Each structure stands twice: as structure tokens, then as C-alpha cells.
A.B. asks: 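Dumping the structure here so I can ask a few things about it.
For ligands, and for the atoms within them, numbers begin at 1 and follow the listed sequence. In this chain, residues are counted from 1 in sequence order. All figures in this text were calculated on a predicted structure; none of them were measured in a lab.
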Amino acid sequence: MSQANATTSIIIFGASGDLARRKLIPALFSLYCRGRLPENLQIVGVSRSAYSHEEYRDRLRDGVQEHATQNFDANKWAAFRELIWYQQGDSKVPEDYQKLETFLQERENGPANRLYYLSVAPFLYEPTVEHLGAHGMAREENGWRRIVVEKPFGTDLPSAQQLNDALHTVFEEQQIYRIDHYLGKETAQNILFFRFANTIFEPVWNRNYVDHVQITVTEQVDVGHRAEFYDSAGVLRDMFQNHLLQLLSLIAMEPPASFNADALRNEKVKLLSSIRHIALEDTVRAQYDGYCEADGVAEDSQTPTYAALKLLIDNWRWQGVPFYLRSGKALARKVSEVIVQFKCPPHMMFGAGMEDDCFTPNSLSLCIQPDEGIHLQFEAKVPGSYQDTRSVEMEFHYRSSFGDDALPEAYERLLLDALNGDASLFTRSDEIEMAWRLIDPIIQGWEKTGQPALASYRPGSGGPAEADEFLARDGRMWEYGCEHGE
Ligand code: BG6
């Protein structure tokens, strides 16, 4: 068999878990329906449970029906399910890797490419990688070998470094794909296109025109069935170290010379390394009422489910421009958005007595979800008035411009990129470590000093009053910029 016709195997460790059922298999099914998967593909699920191939395929059907972005078509499913196989195996048992290797070789029948997907509990990452190495399963003599690593990537800087070391013992950096699903969201990627495929925004994208930036990722869900994991993580590890810092990088980085993985990631690392050490007084932490009653949460848990931070970037472009980040669970809305708030005009000639106050400064909202789009807010003269103004909006919505099915699920894009060997939307080892360098001192500072005190908030509310006071100290307010809709 020639290399061109080689089989591609996707091997999912943790195949009976939630991620495989809700995200990975539905994303692969959607890619299959769109004709985007390589020819000669097979998907091999590995987990400890005993299933026959047929039983495993049957288990996946509901998840695909419920979560795939492509409408469920029974004929397509019937063809797709034939690509799926199951191999029982325990990530900690060496002999099971030998069995897996034998099974794969039999099915591949010649040169083959392999994408290993770690969808197991994080404590199994290192043993799995080690065993893959010990069984020669990372060697690229007969086709490429890549590994996808899910978050959380470590719980702090030392553990992330240890995991990077373990990976690098077996795989080269270019074989490693660390997932941050926010980078797979079309709207997050569009931040780069918006900035660098247009001429009109970039000239004002700096400290001369921007007053401040707000990054908001709020959720309505509480910790639910993940309480035990969450209680040891908290919002900074769960959301800031990865998703919020990734959004910040995309918003604030310098333009790379080309759109390739290393050029892009070099700029992101440069940006992260320009962020000033975050002082504890520039942080807010809070927990929603009732959190400690959830199963799996310590009675006296101090784990924050909400945080807000102020960040300053010490570089030429952003000197003196605050970036405010907030994220939390059990809040009133599910929103992910970035607001770039511009400065007031230098002189106001409208409105006697306004002196140098402006009405409402211009703002640009990049709406990541749920109503994906971009809103530009500016002032317009109120018709019939002498010199009154009112804020109005220009809006772009993905769905009206590109159609209802235009937005693939993040995992579709990321799986496809990993299959195609494009690591641009995956996090490099130095990027992960840089992010931990920013987050670790905050978590340690909170634990050591108890400052600022853990605030509380009502589930379903807008968050703790302390977060509003925090911005009010700087003469600013949290905003939602994406709520007008069509
Ligand atoms: C995950 C976090 O990475 O992102 C979850 O672990 C969170 O706690 C989720 O709910 C949010 O993702 P999204 O795509 O729904 O905004």
C-alpha cells in the first residue's frame, strides 16, 4: 500500500467518556458528512469497559443525534459507524498497549498515520504517554504519529512542566497538539481576521485610541456533576489560564509575519510575556451561594467560582491600557465576548455644559457566543433635536451573513487541523507555561494572604458587588456589548 493510501487511525483513549460521546464522535460524524475526513479512516475507541464493536457503535448513536452540527441522516450514520472499532484496554496496563498495537496493525495492514487522543482523566496522561513510548507507538517510520492532549494541562507551572517533559520524552513538540477549544471557535479565530485582514481597525488598536478592554466569559450553569474536579481547580485554572488568556492574546498580540503555527504562537508568547505581574489588589474572587452544598465540594471550600482581574501589558502598543477579565459560573447569562472601549473625542463641541465629558464612548464588541458577530457602537444625532446624540449600533451576525449552518463546532475544526498537521490553533509548551506563570502567583497569593476576601454572589445574578466596585474604582463599569440581536 502506498503512503498516499495509508490508513489514518484516530485512537481515542477514554472512549466511553463524556467527551467522546458529546464532542469527539459527533464532530467526526459532522466532518464525515461534510466530506472532510481523510480516505481510509478508522476510529478506534479504547477504554476499560467491555464492549463489542457493535455495542460501542450503538452507544454513540444518541450523542451524534443530539450533538452533531450536521442533521442526523440514518444512511450516513450507517456508513460512518462502520469506521468505528473498539478495543478494551486499561491506560495503566502495559500488555494492553501491546494488544492495541496488534489490533491496530491488523486493521491498518501497512503504513498508517495515527492520531492518539487523550480523553482520559489528567492523572492518566503521563502513564499513557509513557506506555505509548515504551511500545514504540510514537515512532514515525511508517506514517506520522500525533497526540492530542485535552485540558487541564497541569494544575500549576511545575505540573505543566512535568507533563511537557513527559510528552517530550516520547514525542517531538511538532507531534503534540494541546487543545484549547476556545481557539477552535470560529468567532475567536475571526479576531485575527478582523484585525489583520482589514485596514481600518488596526490603526486605532492601541493606547492612543483604546481606553480599556473587557473580556467576559460568563456561564449560567453551575459546577453540576463536575463538582469534585472543580473544587480542586477553581475558576482561574478552569477558565483563565487557558480560554481567557487565549482570547486576550488574540486581541492584543502583534501581527505575525505569516499565518503559520510558529509565527502565530511566537507572537502569542511574546504578548503573554509582556503582561505585568498581577497584583492581588487587582483581583476579585467570589463563590456563589450554595456552592459548598454540592456533592463533592468541601463544606468549607474557599474555591472561587468567579474571578475578575485587571491586567496591564508592558509594551509599546498597550502601555497604560487596562484589560479587565471576568468569568464565573451560575450567573445570569451565558456570554463570551470582548469589548474594546475607545477613548472620548479630544474635544466635545456638542451639548452645552458637557465640557470635556463625552456622551458614550465608541465601543466595539466581538461576540464569541451565543449570538456570534460584531457590534460597533457609535453616536448619532437624534433627528429633530438641536444637538442631542444617542448611541446606535452597526451589527454583523454570522448567521445572517453566512447562514444558519455556517458555524462548525470547535472540535470539528481542531480535529481536522490535527489530522492535517496544522498546529496553529493548539497551544505550544512555552505558551502553556507562560500562562501558568501569570496565574500561579494569584492563586498562591490568595491562599497565603487571604486577600482579597472571598466574596459571595447569588446564583443567577450578575456576579458579586465587589466586581462592580473593582471597576468603579477605575471610574468604569462592566458592560455587555452583544445583547441587541437582530
Ligand atoms: C471548559 C471548562 O474548558 O469550558 C468548563 O472546563 C466550561 O467549566 C467550558 O463550562 C465553557 O466552554 P463554552 O464553550 O461552553 O464556553
Side-chain angles (χ1 to χ4, degrees), residues 14 17-24 26-27 66-67 69 117-122 125 148-155 160 177-191 215-248 250 285-288 291 294 296-297 301 303-307 325-338 366-373 398 407-415 425-427 431-432 435-436 439 443 459-460 463 480 482:
D18 216 33
L19 185 74
R21 200 187 73 84
R22 286 193 314 118
K23 297 286 184 189
L24 305 181
E66 208 178 317
H67 300 288
T69 52
Y117 201 111
L118 294 188
S119 170
V120 288
Y125 291 172
V148 180
V149 188
E150 266 294 332
K151 76 176 268 278
F153 197 95
T155 53
Y177 291 72
R178 299 173 192 78
I179 282 224
D180 184 314
H181 79 279
Y182 261 65
L183 291 176
K185 292 184 192 280
E186 284 288 331
T187 40
Q189 292 161 40
N190 191 48
I191 295 174
I215 302 180
T216 296
V217 180
T218 53
E219 296 184 272
Q220 286 172 313
V221 291
D222 59 21
V223 291
H225 66 279
R226 294 166 75 228
E228 203 174 321
F229 153 76
Y230 193 90
D231 202 39
S232 64
V235 67
L236 283 195
R237 291 190 180 97
D238 190 44
M239 299 296 288
F240 281 73
Q241 186 273 341
N242 33 67
H243 310 323
L244 276 91
L245 286 181
Q246 285 297 334
L247 290 178
L248 171 72
L250 298 177
R285 55 176 179 149
Q287 189 183 77
Y288 63 80
Y291 168 76
V297 171
S301 170
T303 299
T305 57
Y306 177 104
L325 278 52
R326 64 174 160 162
S327 180
K329 292 210 183 281
L331 292 164
R333 346 174 177 212
K334 174 158 179 73
V335 172
S336 299
E337 63 175 44
V338 179
L366 299 149
C367 313
I368 313 293
Q369 60 189 25
D371 179 14
E372 295 88 351
Y398 272 83
L407 291 169
E409 233 281 310
Y411 277 92
E412 291 177 34
R413 171 63 193 262
L414 295 173
L415 281 162
L425 300 178
F426 295 82
T427 323
E431 207 178 338
I432 289 257
W436 281 119
I439 296 301
I443 299 176
Y480 286 100
C482 296

A.B. asks: Which of the atoms in ligand 1, numbered in the order shown and given with their element, are less than 4.0 Å from a heavy-atom of H181?
C.D. replies: 1 (C), 3 (O), 4 (O), 12 (O), 13 (P), 14 (O)
A.B. asks: Provide the closest heavy-atom pair for I432 versus Q241 in the form atom of the first, atom of the second, distance.
C.D. replies: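 Answer, listing the atom of I432 first, then Q241: O-NE2, 3.5 Å.
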A.B. asks: Show me which atoms of ligand 1 lie under 4.0 Å from any heavy atom of K329.
C.D. replies: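 Ligand 1 atoms under the 4.0 Å threshold to K329: 5 (C), 7 (C), 8 (O), 10 (O).
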A.B. asks: Assess, by modelled atom type and distance only, whether the side chains of S336 and Y182 contain a donor and an acceptor separated by less than 3.5 Å.
C.D. replies: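 The answer is yes; a qualifying pair exists.
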A.B. asks: Output the list of atoms in ligand 1 that are nearer than 4.0 Å to some heavy atom of K185, sorted by atom number.
C.D. replies: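 So the answer, numbered in order with elements, is 13 (P), 14 (O).
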A.B. asks: Out of E219, K334, M239, E409, indicate the one that has the non-hydrogen atom closest to atom 15 (O) of ligand 1.
C.D. replies: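 Answer by nearest heavy atom: K334.
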A.B. asks: Out of all atoms in ligand 1, which are within 4.0 Å of some heavy atom of K151? Include the element for each.
C.D. replies: 1 (C), 2 (C), 3 (O), 6 (O)
A.B. asks: What heavy-atom pair brings Y306 and G463 nearest, and what distance separates the two atoms?
C.D. replies: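 Of all heavy-atom pairs spanning Y306 and G463, the closest is CE1-CA, 4.2 Å.
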A.B. asks: Going by side-chain hydrogen bond (donor to acceptor under 3.5 Å, both in side chains), name the residues that satisfy it together with R226, two or more places apart in sequence or in a different chain.
C.D. replies: none
A.B. asks: With backbone taken as N, CA, C and O and side chain as the heavy atoms from C-beta onward, which portion of Y230 lies under 4.0 Å from ligand 1: side chain, backbone, both, or neither?
C.D. replies: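 For Y230, no heavy atom sits under 4.0 Å from ligand 1.
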A.B. asks: Can you name the nearest heavy-atom pair linking G184 to Q189, along with the distance?
C.D. replies: O-NE2, 3.2 Å
A.B. asks: Give the atoms of ligand 1, by number and element, whose distance to some non-hydrogen atom of H243 is under 4.0 Å.
C.D. replies: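 This gives 1 (C), 3 (O), 4 (O) as the contact atoms.
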A.B. asks: Can you report which non-hydrogen protein atom sits closest to atom 16 (O) of ligand 1, along with the distance?
C.D. replies: Y182 OH, 2.5 Å
A.B. asks: Is any N or O atom of R226, backbone or side chain, closer than 3.5 Å to an N or O atom of ligand 1?
C.D. replies: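 Looking only at distances, the answer is yes, because the N/O contact criterion of under 3.5 Å is met.
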A.B. asks: Under 4.0 Å between a side-chain nitrogen and a carboxylate oxygen: does that hold for K23 and D18?
C.D. replies: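 The answer is no: the pair does not qualify as a salt bridge.
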A.B. asks: List the residues meeting side-chain hydrogen bond (donor to acceptor under 3.5 Å, both in side chains) with D180, not counting sequence neighbours, and say none if there are none.
C.D. replies: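 By the side-chain hydrogen bond (donor to acceptor under 3.5 Å, both in side chains) rule, D180 matches H243.
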A.B. asks: I need the atoms of ligand 1 closer than 4.0 Å to a non-hydrogen atom of D238, numbered in the order shown.
C.D. replies: 2 (C), 5 (C), 6 (O), 8 (O)
